[in-house]
Structure formats: C-alpha cells, structure tokens
Amino acid sequence: MPLIKLEDVSKLYGFGDATTLALDEVSLSIDKGEFVAVMGPSGSGKSTLLNVLGLLDRPTNGTYRLQNRLVDRLSQSRAAKLRRDTIGFIFQSYNLLPKLTVLENVALPLTYKGIGATKRFKQASQILERVGMQNREYYYPYQLSGGQIQCAAIARALVNDPSIIIADEPTGNLDSAGSRLVMELLSEIHKMGNTIIFVTHNPELTKYATRVVYMRDGMIIEDEPTMIGEVAKTVRRRLYTQPRMTAEDDLMGVSLLMKAVPDKAVSKSSSSKRTKSKKGTTSRRKRRYQKVKST
Ligand SMILES: Nc1ncnc2c1ncn2[C@@H]1O[C@H](COP(=O)(O)OP(=O)(O)O)[C@@H](O)[C@H]1O
Ligand SMILES: [Mg+2]
C-alpha cells in the first residue's frame, strides 16, 4: 500500500478567463522511504504538487490518499492536525523568526501543541544535536550561514517527528557548500526511514534521490527510479558533459532538458483516456500562456 497516492489530481487557480491549470490530472504513488526529487521549469506545477501533498492546498479534482486515508476533502482543521503530526515542511526562503534564537525557533511548533517550556527546549535541543547544530542553539538567524539557517529550519521541521519531509527548493538560495550540507542532512533523515520529497533545479542533486519526477505544464512527463550517488539518467544523458557553474546555468540546463525530453515520453505518460478527454486542453493552455506573456 503506497504511503501517498494521487489519482487524476487537478488544481485550478482563479476564475473564468484568468484560470490557470496548475496540475493537470496528475497520478502519483509514493512508497514509504522514497527520496523523490521533483524537477521541471518554473511554473510547471512543482510547488502546487508539494502543497497538495503536504495538505496546504486541496485538489480541485481527483483523489488523494495519505496512509490509505482519503484526505482531499478534509476540513481545514483536520487537515492542519494531520499535517502537524505527519509532515515537516522546508521552504526555499528561510522562515526562521529573526528575533528568536535557533533553539526558540526550533521549539516553536511544540508551542502549538501546548508542551511546556522546559520539555520544549529539551526536545528542540535534542533535534539540534541530531542535525549537528548543538553549538548554535543561542545564535540568532543573522549570525548563521545560509546552510546553517536551512539546517535549523530542517530541525524545526523534524521537531514534531513527522514521517514525511516536504522541501520546496531547500537549496535554492544556497551556495554549493550550503547545498551539500542540507542535502547530506536530508540523506541522513532519509536513512532513518523517512520519506522525502524535494524540488530542485540542480541536476547534480538528483544524486541524493531514489526517484526523479519531471514536470511540465502541470503534468508528470517523466518518472525515473535512480541510484543514490548517481545523477538521474535523463539528466546525465543531456547535461553531464557540459560544465555548469552558476544557478542560472543550472536553470538553463533544466529548460534544455525539458525541451530535450522526447515527445514519446509525454505520450507514454498520457493514458488513452487522457487523449480522449483532452479536447478543451489546448484552449485552456493557450489562455494560460497568453496570461503569462501579458504579465
Ligand atoms: N495561488 C495561486 N494563484 C494563481 N495561480 C497560481 C497560484 N499558485 C500557482 N499558480 C500558477 O500555477 C502554475 C504552477 O505554479 P507553481 O506550482 O508555483 O509552479 P513551480 O513551483 O513549478 O514554479 C503557474 O502558472 C502559477 O502561476
Ligand atoms: Mg515553485
């Protein structure tokens, strides 16, 4: 039984002419213990997918089963509770509170659970030790490097002991040393039996993953199991021979990669049902591109 199971999940934003189809009948199963990298150009629906998986957002259509429980129609408060107990989030921009110490930041989620201060700080301290930040407990975020801030954010995501970690471009603002620090830490968390889903624009970071999912236009167009320690085959085939130095180069690489994915792969992932039912798709898409162009 998969841990996560999306079936034909679509997500629409906006109304009427301003409608954006952010997810287009996405089906995806993720087992416990997978380490999934989500890639794809900007606007392809990666964040929307993660937000739906993380119960921050509801699908417009389709079903979502989490631990075999139907969760796509949960009330806000039930979703919030399930999220708190099951899922840890890490975002690209550091969301540590600047006026709190690292320890206070990490202990914050426990406040919402009504746990007393002494116990809270003890637990936070243990987690900080686990992520190698024990000697930074009383630092303020501005006194840390980007990589350390992200490690503290990971500690905070772990403090409720979630089994699923969702990370939207966790290394997006980091240099290569910071990225390595964060990815090594996520690897450790993965080895402890957690399921991790992360978005990256950096093909090199697929080395850490056990599976790479490529998105375009709200659809999953490639889904490739990968070996830990190896860059995903599709990525390697297209990019590995070209040295890439900057984040911008990485982005370029990804958009090249997206263009390079053969149409075959796209039609392979489309079921015959999809082709039959897709009459309205072109106009919907066109509308979206027009909207993007005009902004
Ligand atoms: N809250 C929102 N309201 C309206 N449109 C949105 C919203 N969030 C995302 N979108 C649109 O949905 C599409 C997918 O966005 P997103 O999931 O953020 O892509 P990615 O993370 O791959 O860059 C984009 O066209 C984006 O503009
Ligand atoms: Mg995004």
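Remember, it's a predicted structure, so these values are computed and weren't measured experimentally.
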Those residues that, when tested against Lys5, pass salt bridge (Lys or Arg N to Asp or Glu O under 4.0 Å) (two or more places apart): none
Separation between CG of Leu186 and CG of Leu181, rounded to the nearest 0.5 Å: 10.0 Å
Side-chain donor/acceptor of Tyr64 to backbone N/O of Leu53, under 3.5 Å: yes
Side chain to side chain contact (heavy atoms under 4.5 Å, CB included) between Gln67 and Leu3, worked out: CA-CA 5 Å; Gln67 294 162 333; Leu3 175 66; 3.6 Å; yes
Minimum heavy-atom distance between Asn105 and Pro109, given as atom pair plus value: O-CD, 3.8 Å
Same cluster (ILVMFWY, side-chain, under 4.5 Å), Tyr139 and Leu103: yes
Side chain proximity check, Ser27 to Leu6, heavy atoms < 4.5 angstrom: no
Shared hydrophobic cluster, Ile165 / Met192 (ILVMFWY, side-chain heavy atoms < 4.5 Å): yes
Any Leu158 side-chain heavy atom under 4.5 Å of Val131 side chain: yes
Side-chain (Thr86) to main-chain (Arg83) donor-acceptor, under 3.5 angstrom: no
Euclidean distance, Glu188 CD relative to Arg130 CZ, rounded to 0.5 Å: 10.0 Å
Apart from Met1 itself, residues in the same hydrophobic cluster as defined by side-chain heavy atoms under 4.5 Å: none
Flag, side chain of His190 to backbone of Gly33, donor-acceptor distance under 3.5 Å: yes
Donor-acceptor under 3.5 Å (Thr210 side chain, Phe35 main chain): yes
Result of checking Leu185, Ile127, Leu128 against Met133 for side-chain contact (heavy atoms from CB on, under 4.5 Å): Leu128
Carboxylate-amine/guanidinium proximity below 4.0 Å for Asp223 and Arg211: yes
Worked check of side chain to side chain contact (heavy atoms under 4.5 Å, CB included) between Asp8 and Asn61: CA-CA 7 Å; Asp8 297 327; Asn61 284 304; over 6 Å; no
Any donor-acceptor pair under 3.5 Å from Asn194 side chain to Ile189 backbone: yes
Nearest non-hydrogen partners of Arg216 and Ser44, listed with the distance: CA-CB, 3.8 Å
Non-hydrogen atoms of Leu23 and Gly45 that approach each other most closely: CD2-O, 3.7 Å
Heavy-atom pair with the smallest gap, counting every atom of Ala153 and Ile90: O-CG1, 4.4 Å
NZ (Lys81) with more than 12 external heavy atoms under 6.0 Å: no
N/O donor-acceptor pair under 3.5 Å between Lys32 side chain and Thr195 backbone: no
Student check: side-chain heavy atoms of Arg69 and Leu74 closer than 4.5 Å: yes
Straight-line distance of Asn202 CG to Met39 CE, nearest 0.5 Å: 7.0 Å
Step-by-step side chain to side chain contact (heavy atoms under 4.5 Å, CB included) determination, Val199 to Ser47: CA-CA 8 Å; Val199 170; Ser47 294; 5.6 Å; no
Non-hydrogen side-chain atoms of Gln150 and Asn173 separated by less than 4.5 Å: no
Non-neighbouring partners of Glu129 that pass side-chain hydrogen bond (donor to acceptor under 3.5 Å, both in side chains), sequence neighbours left out: none
Under 3.5 Å: donor-acceptor pair, side chain of Lys46, backbone of Pro41: yes
With sequence neighbours excluded, residues passing side-chain hydrogen bond (donor to acceptor under 3.5 Å, both in side chains) with Ser125: Glu137
Distance, nearest 0.5 Å, that separates CG of Asp57 from CG of Asn51: 5.5 Å
Electrostatic pair Lys99-Glu104, nearest N-O below 4.0 angstrom: no
Point-to-point distance, once rounded to the nearest 0.5 Å, from CE of Met215 to CG of Leu49: 5.0 Å
Residue pair Asn160 / Asp85, side-chain heavy-atom distance below 4.5 Å: no
Closest contact, heavy atoms only, Pro162 versus Gly88: CB-N, 3.5 Å
Arg73 atom CZ: more than 12 heavy-atom contacts under 6.0 Å: yes
Euclidean distance, Tyr13 OH relative to Leu21 CG, rounded to 0.5 Å: 11.0 Å
Sidechain-backbone polar pair: Gln134 side chain, Gln126 backbone, donor-acceptor under 3.5 Å: no
Single-linkage hydrophobic cluster Leu56~Leu50, side-chain heavy atoms < 4.5 angstrom: yes
same_hphob_cluster(Leu108, Ile154) at 4.5 Å side-chain heavy-atom cutoff: no
Verdict with supporting geometry, Thr206 and Glu224, side chain to side chain contact (heavy atoms under 4.5 Å, CB included): CA-CA 11 Å; Thr206 61; Glu224 180 190 344; over 6 Å; no
Within one Ile-Leu-Val-Met-Phe-Trp-Tyr cluster: Ile87 and Tyr112, side-chain cutoff 4.5 Å: no
Pro59 versus Asp72, closest heavy-atom pair with distance: CG-CB, 3.8 Å
Side-chain donor or acceptor of Thr200 paired with backbone N/O of Leu205 under 3.5 Å: no
Backbone of Ala209 reached by a side-chain donor or acceptor of Thr226 within 3.5 Å: yes
Hydrophobic cluster partners of Tyr142 (side-chain heavy atoms under 4.5 Å): Tyr140
Residues which pass side-chain contact (heavy atoms from CB on, under 4.5 Å) with Ser179, listed by chain and number, not counting sequence neighbours: Thr171, Leu174
